[in-house]
Amino acid sequence: MGIQENLTEVRNKIQQAALKSGRNYEDVTLVAVSKTVDIEAVRTAYSLGIRDFGENRVQELRKKQAALPEARWHMIGRLQTNKVKDVVGQAALIHSLDRWNLAEELDRRASLVGVTVPVLLQVNISGEEQKAGFDPGELDNFFASADQLQAVKILGFMTMAPLSYEAEKARPIFKELNHLYRLYSRKTYPNTQLQYLSMGMSQDFEVAIEEGANLVRIGTAIFGG
Ligand SMILES: *Cc1c(COP(=O)(O)O)cnc(C)c1O
């Protein structure tokens, strides 16, 4: 199947899952993860109405962004501190803020060039050791320190289920992140306006949406591979 047929199917599934959770298709933003495909495939998706693309490497993001600047480019992968200067002011949203010193570096760089950096906190719900992200128990501390940030804007949470999990097995993980999202949304923190819940990939996006995701990051179900 081609990108057009894949997209039709993905969009239908998004709509059905959104309805199941009492929402509409428009309430869920589809980020097409283009990390494994070339700019031609990106252009095809853009011509079919996709406006948000996700990349997990800064260099690749910048390259594709230069070719298609009218799209919104999301940084979804692990961000090294020495790449921060290349992504600040460029990425529409960084989904993968996973440690305090990265927040500090983003803040420092963004302040230098006078921009703000919208970010999501990546949370490691599954507790896999090799997985990036804050432990849920570290979030209190993070928000308690958020007043030290000036240019970083915290807009939500992101998580990934273990790659080996089937969709239903991932459900408790998505439920838990939604729980944290609602918990922290009840309070007011500096530089924080929680509005995005980024969860769900090709293998599990329907379950993630049923559990409240409003940003899904989908690669292979759109582009194949
Ligand atoms: C690659 C990637 C995705 C998309 O994965 P698919 O299984 O291809 O849909 C989503 N999120 C992150 C963080 C990724 O690295």
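Note that ligands are numbered from 1 as they come in the structure, with each ligand's atoms numbered from 1 the same way.
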Colleague: Please identify which atoms of ligand 1 are closer than 4.0 Å to at least one heavy atom of Ile218.
Modeller: 9 (O)
Colleague: Can you find a non-hydrogen atom of Met160 under 4.0 Å from ligand 1?
Modeller: yes
Colleague: Angle class for the Phe53/Tyr46 ring planes (parallel below 30°, perpendicular above 60°, tilted otherwise)?
Modeller: parallel
Colleague: Looking only at protein heavy atoms, identify the closest one to atom 12 (C) of ligand 1 and say how far it is in Å.
Modeller: Ile76 CD1, 3.5 Å
Colleague: Would you say Leu155 ends up clustered with Tyr181 if hydrophobic residues are merged whenever their side chains have heavy atoms under 4.5 Å apart, either directly or through other cluster members?
Modeller: no
Colleague: Give the residue and atom name of whichever protein heavy atom lies nearest to atom 8 (O) of ligand 1, and the separation in Å to one decimal.
Modeller: Thr220 N, 2.9 Å
Colleague: What's the verdict on side-chain contact (heavy atoms from CB on, under 4.5 Å) for Val216 and Ile209, showing C-alpha distance, side-chain angles and the deciding distance?
Modeller: CA-CA 8 Å; Val216 288; Ile209 292 168; 3.7 Å; yes
Colleague: Without hydrogens or angle criteria, can the side chains of Lys131 and Asn124 be said to hold a donor-acceptor pair below 3.5 Å?
Modeller: no
Colleague: Can you list the ligand 1 atoms lying under 4.0 Å from a non-hydrogen atom of Gly219?
Modeller: 4 (C), 6 (P), 8 (O), 9 (O)
Colleague: How far is atom 5 (O) of ligand 1 from its nearest protein heavy atom, and which residue and atom is that?
Modeller: Met201 CE, 3.4 Å
Colleague: Going through the distances and angles, do Lys64 and Glu55 end up as a side-chain contact (heavy atoms from CB on, under 4.5 Å)?
Modeller: CA-CA 9 Å; Lys64 287 180 178 142; Glu55 288 286 331; 2.8 Å; yes
Colleague: Evaluate Lys35 for polar contact with ligand 1, using N/O atom pairs at a separation under 3.5 Å.
Modeller: yes
Colleague: Side chain to side chain donor-acceptor pair (under 3.5 Å): which pairs involve residues 156-168, sequence neighbours left out?
Modeller: Glu168-Arg171
Colleague: For the side chain to side chain contact (heavy atoms under 4.5 Å, CB included) test, which of Arg109, Glu105, Glu104 pairs with Thr81?
Modeller: Glu105
Colleague: Please list, in number order, the atoms of ligand 1 under 4.0 Å from a heavy atom of Arg217.
Modeller: 4 (C), 9 (O), 10 (C), 11 (N), 12 (C), 13 (C)
Colleague: Give the residue, atom name and distance (to 0.1 Å) of the protein heavy atom nearest atom 6 (P) of ligand 1.
Modeller: Ser202 OG, 3.4 Å
Colleague: Do Gln203 and ligand 1 have an N or O pair less than 3.5 Å apart?
Modeller: no
